[in-house]
There are 2 protein chains.
Amino acid sequence: MRVLLVEDDTVLGAGVRDQIKAEGHSVDWVTRLDDAADYIAAATYDLVLLDLMLPDGRGLPFLQNLRKRGDVTPVIILTALDQISDRIDGLNAGADDYMVKPFDLAELSARLAAVARRYTGNPNPLVEIADLEVDLAAKSVRRQGKLLSLTAREWVLFEGFVQHPGQIISKAQLEDRLYAFDIEIESNTIEVHISRLRKKLGREKIVTVRGMGYRLGET
Amino acid sequence: MRVLLVEDDTVLGAGVRDQIKAEGHSVDWVTRLDDAADYIAAATYDLVLLDLMLPDGRGLPFLQNLRKRGDVTPVIILTALDQISDRIDGLNAGADDYMVKPFDLAELSARLAAVARRYTGNPNPLVEIADLEVDLAAKSVRRQGKLLSLTAREWVLFEGFVQHPGQIISKAQLEDRLYAFDIEIESNTIEVHISRLRKKLGREKIVTVRGMGYRLGET
DNA sequence: CTTTTCCCGTCAGGTAGCTGTAATAAACAG
DNA sequence: CTGTTTATTACAGCTACCTGACGGGAAAAG
């Protein structure tokens, strides 16, 4: 397995690198996001270990960008920010897992193995809906081959429809997908997002069921 | 998505169950490994949330056994904070993820979504009535394969018939389904709705029982 | 730091289609 | 045949929904 380690802490980085090598994998170690981008562009890795705080920027936007470009390489986030919100943001940004520093090296091994198991021999399954190609893992949609750029909320909503094809999803459920359950919303936000989605996907892809909610159109 | 929750703590269990339900998934909740085995054998789940310490045994051997039998249902382990070695063992035993108690419900959502990403929707159970296929979860009816679009009221009425097959339902009862119990109605609204329903479903699907109400036609 | 860009929540005006009502026809029981 | 219950159709009101526009705010660009 080829692993790219993006970590600026030299002590921790060396420890992680040695551990992974000890497991029989090959490791490239960079300390800056710029370098990481170059390395990823040049070679294909089976796993990226990504620190979120780096000298030349934050890791989260970097990861989002990566996913937006259609890259599906498994990413495990390494973070000192032990706040739950950061962890969730990481997962939502397209990370496959996260580890909070300082972490046990044995735990690193276990997660390494889990990710490897999850992804070996699994090219990303594509869901086809009329002229759309949806890659749930990569969070990407193509329409007639052309990559659509959905915003974060748009994707969350659309993902819901794809995961429950044919099922009617109420506006309350869609709200729950977008917002933490304690946050109130007092306007037609959902309708607006649906409208924006339809403009990108094609009007007929999302069907209104008056008084009940929305559902994916028949393929 | 169908979720099996294996957790003996009643407070935590109830919270998790409610959260998952709020996301639109269906949940079965058991507190013993024996029961879990029965449930898994009887139905197919899309996700299992597994506590490791249960009254009738430990979850780890249970999980290993499950994997040994070739079951690949995604499993997320729920474990107390102080059992780090268990977490590693869990991942090695074939778990897809773990969560440390006490965990934030928002984090549960995120991880649920991560698992659901890989989940390719199993079709919901269908109720068959003559040439109709009824999907209660999706609130959809197909007639000879073609999707019918019922309105909100129509669906509520029809759902009532499907949930009580063969049973005679009075017009008063149907009114109660449509309207809050205090609202009065002074016209033949129910009859009109029945008429509209019959036009969509096929005249013979709903049988009039003069003086008493309506019931579903013989399958 | 300033400028620009983009995302998102809110609002208002417009539209479509569901739904209750009533009028009329049909079915049924005695 | 007569009275009663149910079916069907048409229609108007109203509610849920759609969509373009706007501004605040955050992130990216300069």
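Sequence lines set the chain letters: A, B, ... in the order given, protein chains first and strands last, and positions in each chain run from 1.
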query: Counting just side-chain N and O atoms, does B:Ser187 come under 4.0 Å of either OP1 or OP2 of C:dT21?
result: yes
Pairs under 3.5 angstrom, nitrogen or oxygen only, protein versus nucleotides 5-8 of chain D, please.
from	atom 1	to	atom 2	distance (Å)
D:dT5	O4'	B:Arg210	NH2	3.3
D:dT6	OP1	B:Gly211	N	3.0
D:dT6	OP2	B:Lys171	NZ	2.8
D:dA7	OP1	B:Arg198	NH2	2.3
D:dA7	OP1	B:Thr208	OG1	2.1
D:dA7	OP2	B:Tyr214	OH	2.9
D:dA7	O5'	B:Arg198	NH2	3.1
D:dT8	OP1	B:Arg203	NE	3.4
D:dT8	OP2	B:Ser195	OG	3.2
D:dT8	O4	B:Asn188	ND2	2.8

message: Measure CZ/A:Arg58 against C1'/D:dA26 and give the value in whole Å, please.
response: 14 Å
- prompt: Should the pair A:Lys171-A:Glu191 be classified as a salt bridge under the 4.0 Å nitrogen-to-oxygen rule?
  reply: yes
- request: Using atom CG of A:Leu197 as one end and atom P of D:dT19 as the other, report the distance to the nearest whole Å.
  value: 12 Å
- request: Report the distance from atom CG of A:Leu174 to atom P of D:dC18, rounded to the nearest whole Å.
  value: 12 Å
query: Can you check the B:Leu148 CG to C:dC18 P distance for me, whole Å?
result: 14 Å
field: A:Lys200 (side chain) donor-acceptor with A:Ser149 (main chain) under 3.5 angstrom
entry: yes
task: Please determine if A:Arg198 and A:Glu154 form a salt bridge, counting it only when a charged side-chain N lies under 4.0 Å from a carboxylate O.
output: no
field: Between P of D:dA16 and CD1 of A:Ile190, the distance in whole Å
entry: 16 Å
- prompt: Between the side chain of A:Lys21 and the main-chain N/O of A:Arg17, is any donor-acceptor distance below 3.5 Å?
  reply: no
message: Below the 4.0 Å mark, does C:dC18 have OP1 or OP2 next to a side-chain nitrogen or oxygen of B:His193?
response: no
- request: Mind running side chain to side chain contact (heavy atoms under 4.5 Å, CB included) on B:Trp155 and A:Val209 for me, showing each step along the way?
  value: CA-CA 11 Å; B:Trp155 171 257; A:Val209 185; over 6 Å; no
Polar pairs (N or O, both sides) under 3.5 Å between protein and nucleotides 27-30 of chain D?
none

Check: B:Gln163 side chain, B:Gly160 main-chain N or O, donor-acceptor pair, under 3.5 Å: no
- prompt: Should A:Glu133 and A:Arg143 count as an ion pair when the cut-off is N to O under 4.0 Å?
  reply: no
query: Rounded to the nearest Å, what distance is computed from the CZ atom of residue A:Arg153 to the C1' atom of nucleotide D:dG25?
result: 13 Å
- prompt: Checking A:Asp131 side chain against A:Gln144 main chain: does a donor-acceptor pair fall under 3.5 Å?
  reply: no
message: For the backbone of A:Asp34 and the side chain of A:Asp56, can you confirm whether one donor and one acceptor N or O come within less than 3.5 Å of each other?
response: yes
- request: Look at the side-chain N and O atoms of B:Thr151 and state whether any lies under 4.0 Å from the OP1 or OP2 oxygen of C:dG17.
  value: no
